[in-house]
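What follows is a set of notes on a single structure, which appears directly below.
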There are 2 protein chains.
Amino acid sequence: MKKLIIYDTTLRDGAQTEGISYSLQDKINIASRLDSFGIDFIEGGWPYSNPKDTEFFNYFKKHPLKNAKLVPFGSTAHPARPAHQDKNLISLARCGTEYVTIFGKTWDLQVKEVLRVSPQDNLKIISGSIKFLRSQGKKVFYDAEHFFDGYKNNAEYAIKTVSAAILAGAQLIIFCDTNGGTLPWEIKKIVQEIREIISFGDFGIHCHNDLGMAVVNSLICIEDGCSHIQGTINGYGERCGNTDIVTALGVLKFKMGHTVSCEKNLTQLTELSHYVSEISNMIHRDASPFVGRSAFAHKGGVHIDAMLKNPLAYEHIAPELVGNHRRFVVSELAGKSSLVLKAKELTFDLDKKSARAKKIHKLIQDLENQGYQFEAAEGSFKLLLEREFRKYKKFFELLGFRVTVEKRENNELISEATIKLKVKGALRHIASEGDGPVNALDSALRRALADFYPALAKMRLSDFKVRVLDAVEGTAAKVRVLIESQDEKESWTTVGVSENVIEASYNALADSIEYKLLKDSKPRA
Amino acid sequence: MKKLIIYDTTLRDGAQTEGISYSLQDKINIASRLDSFGIDFIEGGWPYSNPKDTEFFNYFKKHPLKNAKLVPFGSTAHPARPAHQDKNLISLARCGTEYVTIFGKTWDLQVKEVLRVSPQDNLKIISGSIKFLRSQGKKVFYDAEHFFDGYKNNAEYAIKTVSAAILAGAQLIIFCDTNGGTLPWEIKKIVQEIREIISFGDFGIHCHNDLGMAVVNSLICIEDGCSHIQGTINGYGERCGNTDIVTALGVLKFKMGHTVSCEKNLTQLTELSHYVSEISNMIHRDASPFVGRSAFAHKGGVHIDAMLKNPLAYEHIAPELVGNHRRFVVSELAGKSSLVLKAKELTFDLDKKSARAKKIHKLIQDLENQGYQFEAAEGSFKLLLEREFRKYKKFFELLGFRVTVEKRENNELISEATIKLKVKGALRHIASEGDGPVNALDSALRRALADFYPALAKMRLSDFKVRVLDAVEGTAAKVRVLIESQDEKESWTTVGVSENVIEASYNALADSIEYKLLKDSKPRA
């Protein structure tokens, strides 16, 4: 079977995501990681529209990637200028790369209304732009913008634009579903029609996820002549995002049996996905196919029994293939057997009939009765086992805290926390202000520990949830606080319960920090 | 074109989501909302496995839904018992519903390894279970579990199970892709093959999202004889979730041109999606197709120019069709027409072109930008209109508060609040302790007002929810507090937003009290 080519545009189209803003260093880190993972092409940015992107390409002139080809992105020449005088094209030619990607107009409506040139002139612009880049020694990928809308509106003209690009020497034509509104069966039909007309040349596909179908739309047409898939890690991108390369890789390899360059590294797929989410400062979605925290998590009691008899019943692949793992959701610890199973999953060997199993089971039941829930707090659950199995020394001891929130008559609001800890024999008494009481406490706690545990600087809180229990008690209800933290390797969740939201938050915070310190103190498995 | 049937299982399969835990009241609220939205069938739960679900069905015996049919879910009879003695089936028959859904085994492997009966006996179990429910006057939906895996492994047997269900009188057969691992073109091929063999009967489809393809998998086969789609709001569900009904509705109506019962309410699709996310205490995904905050958000400068010339270039449909709106990065632009509509519903006559409408619209936009959300806080929304229309006198004025939480070395935890108010010209300065800081503040506020407004003794808080916004900010994130209050006549919900959980709670509390005092001060309508 022909090898498929993966073209990543996380650093260009992914950077258009609302809320994502990459620094130069972020971009360099992501590109390096994609390179070592085995992605074929990495679209690094649009140098003409963004000076940061020029620096990015300059960096890699001096520090070339090992395997991947870096590609800059830009547009065809401005209608008012010949290609060889177009600054955008010149900047592309100067990026020091073997390949260059440019996009041009396919949709006659866009040619008229946006470019404001004749259909014939647009063909000349496409052709001239590609010929110029070829004359500069570049291989050219041509993105046919709005390809499917253009084809539906005027198929003959859409084909002319693509033909012009091929005849000018484009290496590859990429069909773009720019507004993400095309259905998979429409895409398939159009690609089939095109392939009957143009049998020469290589084709790629670039989809947006406005119907939640970008991955399918990309995969459905590869059998009809597309061998190149564009997308982003975790499906980042403007609006509803782009084709999620992570999901696409899982399906291509494990469900469709295709060959890809990175296949020997697919056991790192889960880690790659979390790494990019971390650098992008985006919450990693638990429900992400293949790589999400919940992707192989089993909650229903009926399932768990059937699962053990036949894992295929509820797992379409073995989670280890993508570096993920099976999880049994802990709240369903009705029986001791599922506790033993869950412990085993976390590499603790627990004999079902032992006194230790009995003790842990009782402890969990008591905590669940108080309102703890370990289902969404595996970090705290693991700590509970660690404490029982390892009897390690506490990293710090809380002596007390005080948190004050004051709303003054001038409407000013002040949150202040003081905390007293014993750390490695020393006493720390720290005060800190914050954006609210929990933030003030968090800040005081970290400041108190910073000198002793500098690794904490690499950990950050990525999610903070407050759930009110026994809600009919109103403001006197117990609350459960869940905190998700992450470092550059993984994310973990911890829990705290109290009638007092400050205390519940403190408990979850303290567990989170303990989890980080504990895992760093262990030799890697 | 034939009308498609939408079957929602948010309350059953959606409740299997890691992190979701619905109270009985949550379930009642969601069911009522789905009913008024126009969903055809609502799967309410599994009464035999969950006592809370029995209470749920009992509630609706007394308070029937207006349009939707409620459906309980369960399994075929236990192999060891005849159907008429099976407690699970009996509990289904007693739910007081016209329809019942049961699932049975299709995959010979599962029959052998999990049920541990002969293939022939499984057919008898399916048939006997359906016949029993029919004898109790129920219409039966039959979920063919693992249908596609079963079919791939032993097509002949899979067809036998479905035939047994049809011949026993099942109203509808639902093909389930239980482990979510089937590709759309496989599903299409199998459904086509089945439809050639069985031309009688109605078929439905139930997909899981383990390949990120549940929506496509559901939609791709409706042209081949499926007229019934099962799924959940926002795609909630175990592992990677179920078919997202919200996305499916958008595609069915606006991309495929199908007819659905709720089509006149599709302008509320965005609101419905947020409502369920709020009740489920799940973060609403910005990138959700059709309804996400970013779904029609434009960041790129290139886009914005082209957008204005031709919106279709980057918007596959008009966002208003689903109650969403176009955004240019920062600014929120909630529709003025929907504001007028909503005001009218609350008996305020607002002219869309008036200065007042403009002013209120602007105010709401500002508040939404701060993180307020009025969908689940109609009380606060109504107050906002009341303040604009009635210019009534404030019931009290806050001068300041201070809340302290102290954890002492003896592990004792003290929460104390002081509050200073002006009420009817008098100054009140009150201190109070509480079970946590919000309770202490609530208690101080009520004590300060008690002498002036004795009716407050008849009001109590019935729910208290805390939602973290911008969760990546960790403990410095903004929080939104929703408070539900009730007196002997009605219940109402109010909202407060702040980076400080205490201030957000105070704002929601103050609104809640103002709402009560205002409605008591009005002559009854």
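Throughout, protein chains are lettered first and strands after them, A, B, ... in sequence-line order, and every chain is numbered starting at 1. Just so you know, these numbers come straight off a predicted model, no measurement behind them.
Taking chain A as the reference chain and counting heavy-atom pairs below 4.5 Å, the highest number among I317(B), T418(B), I220(B), D149(B) is found for I220(B). Options E406(B), R408(B), Q110(B) differ in how many heavy-atom pairs under 4.5 Å they form with chain A, and the most are formed by E406(B). Chosen from L211(A), L183(A), V438(A), the residue pairing most often with chain B at heavy-atom distances under 4.5 Å is L211(A). Of the listed residues Y236(B), W185(B), F254(B), the one with more heavy-atom pairs under 4.5 angstrom with chain A than any other is W185(B). The greatest number of non-hydrogen atom pairs below 4.5 Å with chain A, out of V251(B), T247(B), V479(B), N410(B), is found for V251(B). Counting heavy-atom pairs closer than 4.5 Å to chain A, the top residue among A417(B), G400(B), A504(B), A295(B) is A295(B).
For L398(A), the part sitting under 4.5 Å from any heavy atom of chain B is the side chain, from C-beta outward, and nothing else. Looking at S288(B), only its backbone comes within 4.5 Å of chain A, counting heavy atoms on both sides. Interface remark: P437(B) contributes backbone and side-chain atoms alike to the contact with chain A (heavy atom separation under 4.5 Å). There is no contact between K188(A) and chain B, counting heavy-atom distances below 4.5 Å. Proximity to chain A (any heavy atom under 4.5 Å) is shown, for E113(B), by both the backbone and the side chain. With a threshold of 4.5 angstrom between heavy atoms, L109(A) approaches chain B through side-chain atoms but not through N, CA, C or O. Residue contact with chain A, scored on non-hydrogen atoms closer than 4.5 Å, involves the side chain of D26(B) exclusively. For A508(B), no part sits under 4.5 Å from any heavy atom of chain A, backbone or side chain. Both the backbone and the side chain of V403(A) come within contact range of chain B, with heavy atoms under 4.5 Å apart. Of the two parts of E503(A), only the side chain, counted from C-beta on, holds a non-hydrogen atom closer than 4.5 Å to a non-hydrogen atom of chain B. Residue L413(B) touches chain A through its side chain alone, counting heavy-atom pairs closer than 4.5 Å. Neither the backbone nor the side chain of I414(B) comes within contact range of chain A; no heavy atom of the residue lies under 4.5 Å from a heavy atom of that chain. Of the atoms belonging to S21(B), heavy atoms from both backbone and side chain fall under 4.5 Å from chain A. For chain A, the nearby part of R116(B) is the side chain; its heavy atoms alone come within less than 4.5 Å.
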Under the salt bridge (Lys or Arg N to Asp or Glu O under 4.0 Å) criterion, do R239(B) and E315(A) qualify, and how do the steps go?
CA-CA 9 Å; R239(B) 305 191 310 272; E315(A) 285 176 359; over 6 Å; no
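Residues L219(B) and M213(A) are in side-chain contact: their nearest non-hydrogen atoms beyond the backbone lie under 4.5 Å apart. For the pair I502(B) and K407(A), the minimum side-chain heavy-atom distance is 4.5 Å or more. In this structure the side chain of F290(B) never reaches within 4.5 angstrom of the side chain of D210(A), judged on heavy atoms. Counting only heavy atoms from C-beta outward, the side chains of K420(A) and E409(B) approach each other to under 4.5 Å.
Closest approach of G212(A) and P289(B) over heavy atoms only: N-CG, 3.5 Å. The two residues N500(B) and G436(A) come nearest to each other via the heavy atoms ND2-CA, 3.5 Å. Counting all heavy atoms, side chain and backbone alike, C240(A) lies closest to A287(B) at CB-O, 3.2 Å. Contact record, E18(B) with S294(A): OE1-OG, 2.6 Å, taken as the closest heavy-atom pair. When every heavy atom of T178(A) is checked against every heavy atom of A313(B), the shortest pair comes out as CG2-O, 4.3 Å.
With rounding to the nearest 0.5 Å, the separation of CD in E186(B) from NZ in K255(A) is 7.5 Å.
In R402(A), the CZ atom is not crowded: 12 or fewer heavy atoms of neighbouring residues, nucleotides or ligands sit closer than 6.0 Å.
N179(B) contributes a side-chain N or O that, together with a main-chain N or O of L312(A), makes up a donor-acceptor pair within less than 3.5 Å.
Ring pair Y314(A)/H146(B): centre-to-centre distance below 6.0 Å.
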